[in-house]
2 protein chains.
Amino acid sequence: MAPPPPPTAAERGHEVRQRLLRAGAELITERGWSAVSTRAVAERAEVGQGLVHYHFASLGALLRQAALGAVEALLHELTVLLKAAATPQEALERILSTLDAYSGTDTTSLLFTETYLAATRDEELKSGLARLLTGAREELAGHLRVQRVRQPQETAAVLMAAVDGLMLHRPVSPSLSSAAVGPVLRRLLIGTNSGGETA
Amino acid sequence: MAPPPPPTAAERGHEVRQRLLRAGAELITERGWSAVSTRAVAERAEVGQGLVHYHFASLGALLRQAALGAVEALLHELTVLLKAAATPQEALERILSTLDAYSGTDTTSLLFTETYLAATRDEELKSGLARLLTGAREELAGHLRVQRVRQPQETAAVLMAAVDGLMLHRPVSPSLSSAAVGPVLRRLLIGTNSGGETA
DNA sequence: GTTCGCCTTGGTCAATTGCCCAAGGCGAAC
DNA sequence: GTTCGCCTTGGGCAATTGACCAAGGCGAAC
């Protein structure tokens with residue numbers, strides 16, 4: 001086999017930027033948004049602390065980009081999962097299974113909440129997050145609409161909020177397994193247009 | 001009228017402690033849990049900075065007590081509101097009206113989320129929060145059970161998580177008014193034991 | 001008036017913070 | 001070999017941090 005060509009300086013730089021973003025996302029969930037320091041990010045990424053401000057305008061810019069990137073990746077993953085579902089019940093099953101996977105102490109579930117809170121105090125972050133969430137919500141709403149769930153827009157919004165809320169409550173209330181809350185959440189999807197109720 | 005007696009030193013101390021706690025709760029929502037400093041709390045409470053560590057063992061202890069106190073007060077307020085409701089629908093109406101009142105930029109709604117996140121990293125805070133929430137959830141579940149809602153425990157948990165999630169999403173998605181999500185949330189309460197569905 | 005207990009102040013310390021910068025490394029182009 | 005561009009390092013700075021402390025205020029008890 002031919003040995004891989006040595007990476008150029010620009011390629012190495014790009015790789016370091018990715019490491020910094022990943023380290024930033026990890027530390028946001030571990031310590032909380034406002035407790036992440038430049039030196040901690042650099043150490044986690046195993047680079048000198050000066051690199052943070054070489055690759056990013058500020059620590060805030062790094063955290064913004066790290067958080068939005070992680071949120072976008074997870075939303076994309078969920079959307080793909082959703083597209084393969086035939087019924088709204090099956091879609092819910094898939095969403096709930098991810099709820100079990102993210103136990104509340106993992107890397108990604110707390111990141112959502114941290115990003116929501118940080119968006120309250122950062123206009124740029126708020127608009128970026130709103131863009132991502134609107135896209136995901138419309139994707140989910142379209143899915144629900146095709147399957148004749150009533151008020152698809154509002155149902156999608158409530159469903160996403162409920163899942164986020166459950167993720168938030170889980171570490172404090174470990175009884176919130178998908179098996180426990182699944183039957184209740186399923187009520188959100190009953191009463192389709194093809195069903196009995198018309199009001 | 002008799003002039004009020006001058007407060008004793010102990011009474012003044014107690015009043016200062018209350019001011020510090022209120023300042024701490026305010027600053028948690030404004031800046032985020034880990035961005036609250038002793039000097040900021042002291043300045044907001046209009047006392048010298050040394051008083052913080054005179055009245056509290058540490059800044060963390062102050063924030064814990066401030067957050068748990070605020071959460072307890074709000075949960076108590078909601079519980080009282082709930083007791084006056086005759087039907088689960090009316091109870092939901094009352095909960096939703098509080099959702100409109102707390103717009104997401106107010107003092108108390110973000111405090112819940114901040115406390116949840118901080119509890120992830122503070123065992124003492126977690127157990128205190130779990131105690132308060134279990135009490136409130138059982139209160140709500142009992143209310144739902146009397147009114148023949150199925151799976152009252154799980155429904156109460158999902159309802160509380162959904163409300164918290166909606167509060168969290170609201171600043172980013174201003175369309176989440178109670179009028180928009182109310183009809184959807186109401187589905188969580190349909191299908192009582194006295195209703196038609198039996199499965 | 002003196003003593004006592006509690007509260008209150010502002011100064012101080014070591015540690016940490018975000019950000020900046022001079023200096024150097026290193027492969028590519030020529 | 002030299003130059004160039006990009007990446008990388010570690011030190012340094014001013015500001016802020018949590019915590020501690022000596023000193024003083026002040027009403028109550030005696």
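Letters A, B, ... mirror the listed sequences (proteins, then strands); counts begin at 1.
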Problem set entry | Partners passing side chain to side chain donor-acceptor pair (under 3.5 Å) against R131(A) (at least two apart in sequence or in another chain) | none
For this session: With rounding to the nearest 0.5 Å, note down the distance linking CD1 in I28(A) to CG in L63(A).
Result: 4.5 Å
Exercise. Can you list every ring-ring contact (aromatic ring centres under 6.0 Å, His included) pair that touches residues 150-188 of chain B, not counting sequence neighbours?
Worked result: Y116(A)-H169(B)
Exercise. If the sugar-phosphate is the primed atoms plus P, OP1 and OP2 and the base is the rest, what is the B/S/- string for nucleotides 11-24 of chain C, using protein heavy atoms under 4.0 Å?
Worked result: BB----BBBB----
Exercise. What is the distance from CG of L51(B) to P of dT8(C), rounded to the nearest Å?
Worked result: 5 Å
Exercise. So does Y54(B) get a side-chain nitrogen or oxygen closer than 4.0 Å to the phosphate oxygens (OP1/OP2) of dC7(C)?
Worked result: yes
For this session: Nearest whole angstrom, please: distance from the C1' of dT8(D) to the NE2 of H55(A).
Result: 8 Å
Problem set entry | Nearest-Å distance for atom pair CH2/P, residues W33(B) and dT17(D) | 18 Å
Exercise. Between atom CD in E46(A) and atom C1' in dT9(D), what is the gap in whole Å?
Worked result: 15 Å
Exercise. Among all residues two or more places apart in sequence or in another chain, which pass the side-chain contact (heavy atoms from CB on, under 4.5 Å) test with S175(A)?
Worked result: none
For this session: With heavy atoms under 4.0 Å as the rule, sort V52(A) into base, sugar-phosphate or nothing.
Result: nothing
Exercise. Rounded to whole angstrom units, what separation is found between the CD atom of E43(A) and the P atom of dT9(D)?
Worked result: 13 Å
For this session: Find the runs of at least 3 consecutive base pairs, i with j, i+1 with j-1 and so on, that include DNA chain D, using Watson-Crick or G-U wobble geometry with both distances under 3.5 Å.
Result: C:1-30 with D:1-30
For this session: Could you pull out all residues at least two apart from A70(A) that satisfy side-chain contact (heavy atoms from CB on, under 4.5 Å)?
Result: L111(A)
Problem set entry | Under the side chain to side chain donor-acceptor pair (under 3.5 Å) test, residues paired with E139(B) that sit two or more places apart | K83(B)
Problem set entry | Inter- and intrachain pairs under ring-ring contact (aromatic ring centres under 6.0 Å, His included), touching residues 133-164 of chain A, at least two apart | none
Problem set entry | Qualifying residues under side chain to side chain donor-acceptor pair (under 3.5 Å), relative to E26(A), sequence neighbours excluded | R44(A)
